[in-house]
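Working notes, structure below.
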Amino acid sequence: MNWIKADQKVIANTYHRYPIVVDYGKGVMVYDKKGKEYLDFTSGVGVNLFGHGDPGWIDAVTKQLNKIAHISNLYYSETAVRTAQKLVSKSGCQKVFFANSGAESNEGAIKAARKYSHDRYGEGRDLILTLTQSFHGRTITTLSACGQRVFHQHYMPFTSGFDYVRANDESMLQEKINDRVCAIMLEVVQGESGVRMLDSSFLHQVQKICDDKDILLIIDEVQSGIARCGALFAYERYGLHPDIVTCAKGLGGGLPIGAVLLFDKLADVWQCGDHGSTFGANPVACAGADYVLSRCDESLFQAVQKKGAYMAEQLRGCPKLSAIDGMGLMLGATCNVANAREIVEACLEQGLLILTAKERLRFLPPLNIEKAQIDHGLAILFHVLNHW
Ligand SMILES: Cc1ncc(COP(=O)(O)O)c(C=O)c1O
């Protein structure tokens with residue numbers, strides 16, 4: 001069977017795929033149907049935190065699978081409680097709502113923010129400010145939240161109640177604040193737009209405005225969270241105190257799960273019937289997340305910071321790359337000699353998987369990658385770049 005042709009026949013053509021058919025993965029390696037091996041600097045776009053087939057993760061997930069695969073949210077579940085307890089104790093939030101993806105978690109965050117504002121201030125205070133170049137998901141509402149014009153086409157009408165501030169523009173932020181604003185939503189490291197860290201002074205201005213005016217700070221940690229940036233959440237490294245945090249991707253370690261973390265004043269914003277999800281808190285996905293969270297400790301954070309700093313330093317040493325940015329093992333680089341997709345395609349041929357993000361190269365390797373494996377992957381990348 002030609003799986004590429006078969007795919008094109010029956011699967012909606014929404015992805016610009018690379019021409020390999022993945023068969024299985026082991027550790028930081030992925031193997032295609034022809035038996036060719038690839039070093040994985042993508043982690044399934046930041047999902048497989050500990051690489052492929054991590055024995056502890058497989059054990060946790062299969063144990064749960066053997067007990068019960070799914071039960072509705074009408075009943076209590078130990079696995080969900082354990083996972084939420086870990087999120088609460090590690091983040092300091094009060095309550096957790098489980099969703100199934102990043103977009104769904106952000107939908108939840110937007111709903112929680114509007115409900116808080118409505119309960120407290122009544123109608124008309126429902127505007128959410130987001131940043132240019134942000135990415136928050138692909139539902140109609142989270143597309144509205146994306147501060148990128150390219151996402152605001154085809155699907156009109158979009159959800160209203162969003163306005164956009166240029167990332168890092170402190171005077172524009174000040175101008176956009178008015179009595180209608182109920183929340184500011186942002187990624188502290190903008191992933192999909194090229195891995196760009198926001199300025200610390202801008203973030204602290206956002207925090208101050210939120211504190212002064214009871215405007216909620218929603219931080220989207222879907223890509224940057226769960227140890228990816230060398231802390232449980234990237235915002236911790238800036239000393240921020242958000243009201244709502246969303247996460248997904250790495251949380252399940254390879255299974256679909258997202259979470260909305262509700263801090264202090266949001267703890268009781270939702271009551272029975274206000275929100276829900278059939279698959280949210282699925283016990284198998286929660287078992288994966290519970291295992292992932294059990295490994296999210298200071299020693300992992302330190303290791304990620306160290307490996308990330310090493311990788312960034314190596315990338316900075318390459319004359320064909322510039323504007324290296326990011327935190328921990330979430331890094332981006334501009335390629336000076338070719339467009340990013342061409343480089344990614346050439347690396348693929350040489351046995352290395354990397355990502356693009358807009359016009360930039362993006363690196364999201366598994367967090368347990370070893371230094372020698374980083375060196376091996378970068379040697380492939382630099383070899384490709386040197387021959388350009
Ligand atoms: C910051 C951010 N938010 C939200 C999303 C959407 O997540 P999902 O694709 O799981 O819906 C992504 C996906 O890349 C993301 O990077």
Side-chain angles (χ1 to χ4, degrees), residues 12 14-17 42-49 97-113 128-148 150-151 155 159 162 164 167 183-198 203 217-229 231-235 238 240 242 244-261 277 279-280 282 285 288-289 292 325-332 354-358 360-364:
T14 58
Y15 302 103
H16 192 180
R17 296 195 211 277
T42 74
S43 310
V45 195
V47 169
N48 313 100
L49 271 202
F97 176 85
F98 286 114
N100 309 289
S101 68
E104 256 189 65
S105 303
N106 286 334
E107 284 270 344
I110 291 163
K111 287 174 74 174
I128 298 180
L129 297 182
T130 66
L131 303 185
T132 54
Q133 303 307 318
S134 58
F135 184 76
H136 298 296
R138 287 179 180 273
T139 61
I140 285 282
T141 298
T142 54
L143 281 177
S144 285
C146 294
Q148 302 189 48
V150 63
F151 289 116
Y155 309 116
T159 309
F162 291 90
Y164 314 98
I184 301 174
M185 179 171 180
L186 52 83
E187 306 150 84
V188 297
V189 186
Q190 296 188 313
E192 292 302 305
S193 64
V195 189
R196 306 279 193 184
M197 288 169 71
L198 294 183
L203 286 169
L217 176 54
I218 305 172
I219 301 192
D220 177 344
E221 292 270 0
V222 167
Q223 190 161 153
S224 54
I226 317 297
R228 170 65 50 198
C229 288
L232 184 65
F233 294 114
Y235 73 77
Y238 289 92
L240 304 174
I244 307 177
V245 171
T246 56
C247 54
K249 286 193 185 285
L251 177 61
L255 285 168
I257 183 170
V260 185
L261 276 50
S277 161
F279 284 110
N282 168 272
V292 165
D325 205 349
M327 263 201 276
L329 287 169
M330 178 176 179
L331 296 169
I354 43 176
L355 295 160
T356 61
K358 283 271 151 50
R360 279 161 60 78
L361 296 171
R362 174 171 41 158
F363 307 90
L364 298 171

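Since the structure is predicted, the reported quantities are computational estimates derived from the model, not experimental observations. Each ligand, and each atom within it, is numbered from 1 in the order the structure gives.
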- Going by the order shown, which atoms of ligand 1 are within less than 4.0 Å of some heavy atom of Asn106? 3 (N), 4 (C)
- Message: Show me which atoms of ligand 1 lie under 4.0 Å from any heavy atom of Glu187.
- Response: 1 (C)
- CZ of Phe279: more than 12 outside heavy atoms within 6.0 angstrom? no
- Item | Beyond-backbone contact of Leu329 with Phe363, side-chain heavy atoms, under 4.5 angstrom | no
- Task: Name the closest protein heavy atom to atom 16 (O) of ligand 1, giving the residue it belongs to and the distance to 0.1 Å.
- Result: Gln223 NE2, 2.8 Å
- Task: Determine whether any heavy atom of Glu221 lies closer than 4.0 Å to an atom of ligand 1.
- Result: no
- To the nearest 0.1 Å, how far is atom 7 (O) of ligand 1 from its closest protein heavy atom, and which atom is that? Gly102 CA, 3.3 Å
- Query: Who's closest to atom 6 (C) of ligand 1 heavy-atom-wise, of Ala103, Ser193, Pro256?
  - Reply: Ala103
- Task: Answer whether the closest heavy-atom distance between the side chains of Tyr155 and Leu143 falls below 4.5 Å.
- Result: yes
- Query: For ligand 1, does Arg138 get within less than 4.0 Å through its side chain, its backbone, both, or neither, judged by non-hydrogen atoms?
  - Reply: neither
- Any atoms of ligand 1 less than 4.0 Å from a non-hydrogen atom of Lys249? List them with their elements. 13 (C), 14 (O), 16 (O)
- Message: So if I count the atoms of ligand 1 from 1 in the order they appear, which ones are less than 4.0 Å from some heavy atom of Val222?
- Response: 2 (C), 3 (N), 4 (C), 5 (C), 7 (O), 12 (C), 15 (C)
- Message: To check your reading of the model: name the closest protein heavy atom to atom 3 (N) of ligand 1, its residue, and the distance in Å.
- Response: Asp220 OD2, 2.7 Å
- Query: Between Thr141, Thr246, Asp220, which is the residue that forms a side-chain hydrogen bond (donor to acceptor under 3.5 Å, both in side chains) with His136?
  - Reply: Asp220
- Query: Ile218 and Ala109: which non-hydrogen atoms are nearest, and at how many Å?
  - Reply: CG2-CB, 3.8 Å
- For ligand 1, which atoms sit closer than 4.0 Å to a heavy atom of Ser101? 10 (O), 11 (O)
- For the residue pair Leu251 and Val292, establish whether any side-chain heavy-atom pair is separated by less than 4.5 Å. no
- Query: Sequence neighbours excluded, which residues qualify as side chain to side chain donor-acceptor pair (under 3.5 Å) partners of Arg17?
  - Reply: Asp7
- Message: With the threshold set strictly below 4.0 angstrom, can you tell me whether any protein non-hydrogen atom sits that near atom 9 (O) of ligand 1?
- Response: no
- The residue among Gln190, Glu192, Arg228, Lys249 that forms side-chain hydrogen bond (donor to acceptor under 3.5 Å, both in side chains) with Gln223 is Glu192
